[in-house]
Every structure is written in C-alpha cells, then in structure tokens.
K.L.:
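Right, I'll just put the structure down here and ask away after.
Predicted model only: the values in this text are computed from it and were never measured.
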There are 2 protein chains.
Amino acid sequence: MPTPLEKARKNPDSMKAKILSSARHLFGEYGYHGVTTRMIAKEVGIDISTLHYHWGDKENLYEAVITDIHDEIIGVMLDIEKIVHGKSVEVRLEVAIDVMCDYLFAKPEVPKLIVVSSFGKTRPDGIRDDRLAEHAPNVAIAMGLAPDKKGVSPADTAMVLAISNAMYSFTSGENTFKGILKVEHDEYVTIVKKTLKFILIPAFTQKVAHN
Amino acid sequence: MPTPLEKARKNPDSMKAKILSSARHLFGEYGYHGVTTRMIAKEVGIDISTLHYHWGDKENLYEAVITDIHDEIIGVMLDIEKIVHGKSVEVRLEVAIDVMCDYLFAKPEVPKLIVVSSFGKTRPDGIRDDRLAEHAPNVAIAMGLAPDKKGVSPADTAMVLAISNAMYSFTSGENTFKGILKVEHDEYVTIVKKTLKFILIPAFTQKVAHN
DNA sequence: AAAAAGATGCATCATATGATGGAAACAATT
DNA sequence: AATTGTTTCCATCATATGATGCATCTTTTT
C-alpha cells in the first residue's frame with residue numbers, strides 16, 4: 001500500500017503532487033508557522049478542504065515535505081558517492097561541492113528546510129528526521145576521512161557537518177548574500193563554489209594525508 | 001529621548017527588559033510566527049496587555065529584539081578587531097574564533113535569530129537589519145584579506161561570510177549536532193573550535209599570503 | 001446507462017491570536 | 001492627604017486559522 005508521498009511522486013501532475021510542491025516552496029520560504037493551509041491552497045488554486053482531503057492535517061503535510069526533501073538529498077549524496085568513488089581527495093571534494101551546490105541552488109527550499117528543522121523548534125514538537133544526521137558518518141568515509149564506520153571520530157563527522165553547513169548557508173541565504181556581495185545569480189554561484197573549494201580543499205587534503 | 005530599547009538596556013530589572021529577554025529567547029527558539037504574544041507574556045508572568053503597553057505590537061517587539069542582538073554582535077566584532085589588531089593572521093583568526101564562539105555559545109538565540117532573519121522570510125515583510133551585512137567588508141579588512149575598503153573583492157567578503165556562517169551554524173545547531181557527534185556540551189565546544197580553526201587557518205594564511 | 005468511487009468547493013465551526021479600552025493598583029509629586 | 005502619572009490586569013473584540021460536514025461535480029467501473 002503506497003503512502004500519500006509515494007502516490008504524489010508516482011504522478012507529478014496529480015493534485016497531491018501539486019500541493020506537496022507548493023507546500024515545499026512555502027514552508028521553505030516562511031517556515032512551518034509562517035505558512036497557513038490557506039496560503040498553500042491559494043498558490044495551488046484550490047480550496048483548503050481539498051488540501052485536507054489529500055494530505056490530512058497541516059502537520060502531516062509538513063512531515064511529508066520533510067521526508068520528501070530528505071529522501072531527495074540523500075539520493076543526491078549517494079549519487080555523489082558513486083561518482084567520486086576511487087578518485088583523489090581533491091577531485092572527490094570538487095565534485096561533491098559542484099554537484100551538491102547545483103542541486104541546492106536549483107531547489108533552495110531544500111537547504112532552507114533543513115536549516116530550520118535542524119536549528120529551530122516547531123512548537124507542537126514532533127516532526128523531526130534524523131536520517132541526514134545518521135548519514136554524516138557515511139559521508140566521512142566516502143570522503144576518505146576515515147577507513148570504516150568504526151574509525152569515524154567526532155572530529156571527522158564535524159568536518160562533514162562543516163562542509164554541509166557551508167553549502168546550506170550559502171544556498172539558502174543566496175538572496176541576502178547576493179546583495180552583500182553585489183553580484184547576480186550566476187556570479188554568486190561561481191564565487192560560492194570557488195570559496196568553498198578554496199577553504200575546504202587545503203584543510204581536507206591535509207587531514208586525509210594525516211590519516 | 002531614549003528609545004524603548006535604550007530604556008530596557010538602562011535598567012535590566014525593568015519590565016521592558018524582562019519582556020525583551022523572554023522575547024529574544026522565544027523568537028530564537030521558534031521564529032517570529034512560532035511565537036505568540038501570549039507565550040512571551042506567560043514566560044514573563046504578566047498579561048499580554050502589559051506586553052503591548054511596553055512594546056506596542058508584536059512586530060515592534062521583534063524589531064527591537066533584532067536590533068538588540070545586532071548591536072550586541074557588532075559590539076563583539078569591534079572588540080575582536082581591537083584585540084587582534086597588529087597580530088599575525090593565525091592569531092587573528094584563532095582569537096576571532098575563540099571569542100566569537102564563546103559569545104555565540106553563551107547566547108544561542110543570537111545566531112538562531114541571525115540565521116532565520118537572513119535565510120527566511122517574515123510574512124508581513126519589513127523587519128530587516130542590514131548592518132551585519134554592511135559590516136562584513138570591515139571584517140575582511142580587519143582579518144587582513146584586503147588593505148582597505150576599496151580593495152575588498154566579493155571573494156574576500158565571501159570568505160568572511162563563510163566564517164560567520166560556519167560559526168552561526170555550529171552554535172545555533174548545537175542541540176542537533178551534539179546528538180550526531182554523541183558528545184556533551186564542553187566537548188562539543190572544543191570540537192567546533194578545533195574544526196573551525198583546522199579548516200579556516202590553512203585557507204586564510206594561503207589567501208593572505210597571496211595578497 | 002447506472003452505480004460506485006474519487007475529487008472538489010461552499011458553508012461553517014471552534015479555537016487561537018493580536019490588539020485595545022477601561023478599571024484598579026501602585027508610585028511619585030505636591 | 002490629595003493629585004497626578006505610571007503600571008498592571010480583566011474583559012472583550014475582530015480577525016485568522018485549522019479543520020470538517022455535506023452537497024456537487026467528475027471519473028471510473030460495472
């Protein structure tokens with residue numbers, strides 16, 4: 001029996017999928033409490049009762065959104081791990097930064113939702129997804145920071161978190177930071193990738209060489 | 001004529017100050033829309049009408065909170081700039097990381113509010129403070145990335161943003177990341193500082209040497 | 001074509017929320 | 001003590017919000 005989320009994915013033109021898409025966008029923009037079911041319904045062009053018919057209550061829809069983006073981003077991570085497998089540290093990092101940044105810039109609601117769900121609280125509590133967290137050690141291994149699950153130290157995981165956070169911050173804060181840097185989108189993307197590589201590659205090669 | 005914020009600062013035991021303090025804490029935890037005036041009033045132990053008497057409407061109180069933390073953090077930045085003036089790049093960065101992290105760990109609502117106000121939107125718009133943004137180039141100069149205001153490139157500013165973001169992420173996400181790293185507060189602080197220095201110092205010395 | 005299942009919107013409800021008027025309590029000034 | 005100004009809370013309001021019942025329309029199945 002497919003879940004509502006699976007149904008929505010199966011048919012991207014379905015009402016379920018349209019609602020999910022708008023919900024992603026709006027929750028990413030304004031946060032859980034900043035979005036009303038009416039806002040979502042209005043963006044889709046439907047009545048709120050139709051929204052509730054497809055997704056149940058607001059919390060349930062939000063959970064679906066969180067699950068959706070987590071599945072997606074973990075998919076991207078696995079893709080990257082496949083691509084970089086066997087490559088040098090520099091190449092691994094470079095590819096990881098390029099591919100992940102392209103993805104995050106294309107779907108800015110993803111880093112925004114990850115950031116708020118990691119940093120902030122949602123009042124009625126609940127709603128939390130720890131799969132990204134649990135995945136961090138795997139990334140550490142894939143990046144060559146540690147040989148196996150046993151060998152991943154907190155410091156290694158902290159490195160992975162630092163990289164992830166850097167990408168999330170720059171992509172979700174694009175609008176603010178673009179203004180500070182006084183550049184347009186394309187140049188912003190270039191600068192971000194360059195800066196990330198500039199900062200991370202020296203540290204990483206040093207670290208991996210040390211292992 | 002002092003503003004309400006100045007009055008609150010002048011007397012930390014005043015009702016204005018107590019409300020501001022609770023508002024800081026709660027807005028940091030749940031975001032603008034996640035906090036009701038009733039929640040704040042309850043935490044202080046007063047009626048909402050007293051809250052409105054002192055601070056006007058919710059948006060006004062939020063603005064005061066944002067202004068308050070921005071003044072505070074810019075103060076810390078200026079302190080750091082004084083301390084590190086004339087020191088080597090390594091020492092400058094080390095001190096900056098230590099002092100700023102200590103401050104942010106002590107007042108976690110500060111990075112939280114900065115992150116959400118940089119990344120997210122608050123629905124009725126308005127409410128924005130760009131002083132931190134405008135201050136970024138000064139930090140670039142203080143850190144030795146550029147000789148003067150004219151010489152600060154977008155890439156330099158991006159470096160400063162990367163450092164700031166890294167500190168904000170690690171401090172505001174402490175609760176989540178502590179769990180991932182499976183460490184307690186004290187060790188978490190140590191790891192964060194170590195990781196930040198490990199990543200940033202090589203990149204920075206390289207960059208400054210290149211100038 | 002009829003029947004069944006699915007999807008949609010209108011009207012409506014209960015509660016939450018921001019906000020205010022005005023009375024009462026308190027403090028300062030004369 | 002009386003007066004004035006400040007602070008606090010109670011009662012209340014208008015609107016926003018999440019949610020649902022039910023009738024209507026649409027699609028699918030028989």
K.L.:
Could you check A:Ile46 against A:Arg38 and say which one's nearest nucleotide on DNA chain C is further toward the 5' end?
P.N.:
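Nearer the 5' end of the strand: A:Ile46.
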K.L.:
To the nearest Å, give me how far apart CD1 (A:Ile40) and P (D:dA19) are.
P.N.:
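About 11 Å, once rounded to whole Å.
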K.L.:
From NZ of B:Lys7 over to C1' of D:dT6, roughly how many Å is that when rounded to an integer?
P.N.:
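B:Lys7 atom NZ is separated from D:dT6 atom C1' by 11 Å.
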K.L.:
Is a donor on one side and an acceptor on the other found under 3.5 Å between the side chain of B:Arg24 and the backbone of B:Val65?
P.N.:
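Pair absent, no side-chain N/O of B:Arg24 close to backbone of B:Val65.
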K.L.:
Keeping the roles fixed (side chain from B:Ser21, backbone from B:Ala17), state whether a donor-acceptor pair exists under 3.5 Å.
P.N.:
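Answer holds: no.
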K.L.:
Which residues in residues 47-54 of chain B have a heavy atom closer than 4.0 Å to any atom of DNA chain C?
P.N.:
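Under 4.0 Å from DNA chain C: B:Ile48, B:Ser49, B:His52.
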K.L.:
Take the protein atom CG of B:Asn11 and the nucleotide atom C1' of D:dT6, then report the distance between them rounded to whole Å.
P.N.:
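Rounding to the nearest Å, CG of B:Asn11 and C1' of D:dT6 are 15 Å apart.
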K.L.:
Give the intermediate values and the outcome of side-chain contact (heavy atoms from CB on, under 4.5 Å) for residues A:Thr36 and A:Arg38.
P.N.:
CA-CA 5 Å; A:Thr36 66; A:Arg38 279 168 176 81; 3.8 Å; yes
K.L.:
Give the intermediate values and the outcome of ring-ring contact (aromatic ring centres under 6.0 Å, His included) for residues B:Phe177 and B:Tyr188.
P.N.:
CA-CA 8 Å; B:Phe177 299 147; B:Tyr188 180 72; 7.0 Å; no
K.L.:
For A:Lys18, which residues count as a side chain to side chain donor-acceptor pair (under 3.5 Å) partner, sequence neighbours excluded?
P.N.:
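A:Lys18 satisfies side chain to side chain donor-acceptor pair (under 3.5 Å) with no other residue.
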K.L.:
Pairs under 3.5 angstrom, nitrogen or oxygen only, protein versus nucleotides 25-27 of chain C, please.
P.N.:
none

K.L.:
Round to the nearest Å and state the distance from A:Asn60 atom CG to D:dG18 atom P.
P.N.:
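Spelled out: CG on A:Asn60 to P on D:dG18 is 14 Å.
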K.L.:
Does the structure place the NZ or CZ of A:Lys121 under 6.0 Å from the centre of the six-membered ring of A:Tyr32, at an angle of no more than 45° from the ring's axis?
P.N.:
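Negative - A:Lys121 is either too far from the ring of A:Tyr32 or too far off its axis.
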K.L.:
For the backbone of B:Ser118 and the side chain of A:Thr176, can you confirm whether one donor and one acceptor N or O come within less than 3.5 Å of each other?
P.N.:
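Between the backbone of B:Ser118 and the side chain of A:Thr176 there is a qualifying donor-acceptor contact (under 3.5 Å).
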K.L.:
Round to the nearest Å and state the distance from B:Leu61 atom CG to C:dA19 atom C1'.
P.N.:
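Atom CG in B:Leu61 sits about 14 Å away from atom C1' in C:dA19.
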K.L.:
What does the inter-axis angle of the helix from C:dA1-D:dT30 to C:dT30-D:dA1 come out as, five pairs per end, nearest 10 degrees?
P.N.:
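Rounded to the nearest 10 degrees, the bend comes out at 10°.
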K.L.:
In whole Å, I'd like the distance from the OH atom of B:Tyr32 to the C1' atom of D:dA16.
P.N.:
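Value for this atom pair: 14 Å.
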K.L.:
Write down the atom of B:Ala142, the atom of B:Glu81, and the distance for their closest heavy-atom approach.
P.N.:
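Taking every non-hydrogen atom into account, CB-CG, 3.5 Å.
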K.L.:
Who passes salt bridge (Lys or Arg N to Asp or Glu O under 4.0 Å) against A:Glu174, sequence neighbours left out?
P.N.:
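In terms of salt bridge (Lys or Arg N to Asp or Glu O under 4.0 Å), with neighbours along the sequence ignored, A:Glu174 is linked to A:Lys178.
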K.L.:
Among all residues two or more places apart in sequence or in another chain, which pass the salt bridge (Lys or Arg N to Asp or Glu O under 4.0 Å) test with B:Arg131?
P.N.:
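B:Arg131 satisfies salt bridge (Lys or Arg N to Asp or Glu O under 4.0 Å) with B:Asp71, B:Asp129 once adjacent residues are dropped.
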K.L.:
To the nearest angstrom, how far is B:Glu59 atom CD from C:dT17 atom C1'?
P.N.:
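Interatomic distance, CD of B:Glu59 to C1' of C:dT17: 15 Å.
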K.L.:
Ignoring hydrogens, what is the shortest heavy-atom contact between A:Ala155 and B:Ile191? Give both atom names and the distance.
P.N.:
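For A:Ala155 and B:Ile191, the tightest heavy-atom pair comes out as CA-CG2, 4.4 Å.
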K.L.:
To the nearest Å, how far apart are A:Met39 CE and D:dA19 P?
P.N.:
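Computing the A:Met39:CE to D:dA19:P distance gives 16 Å.
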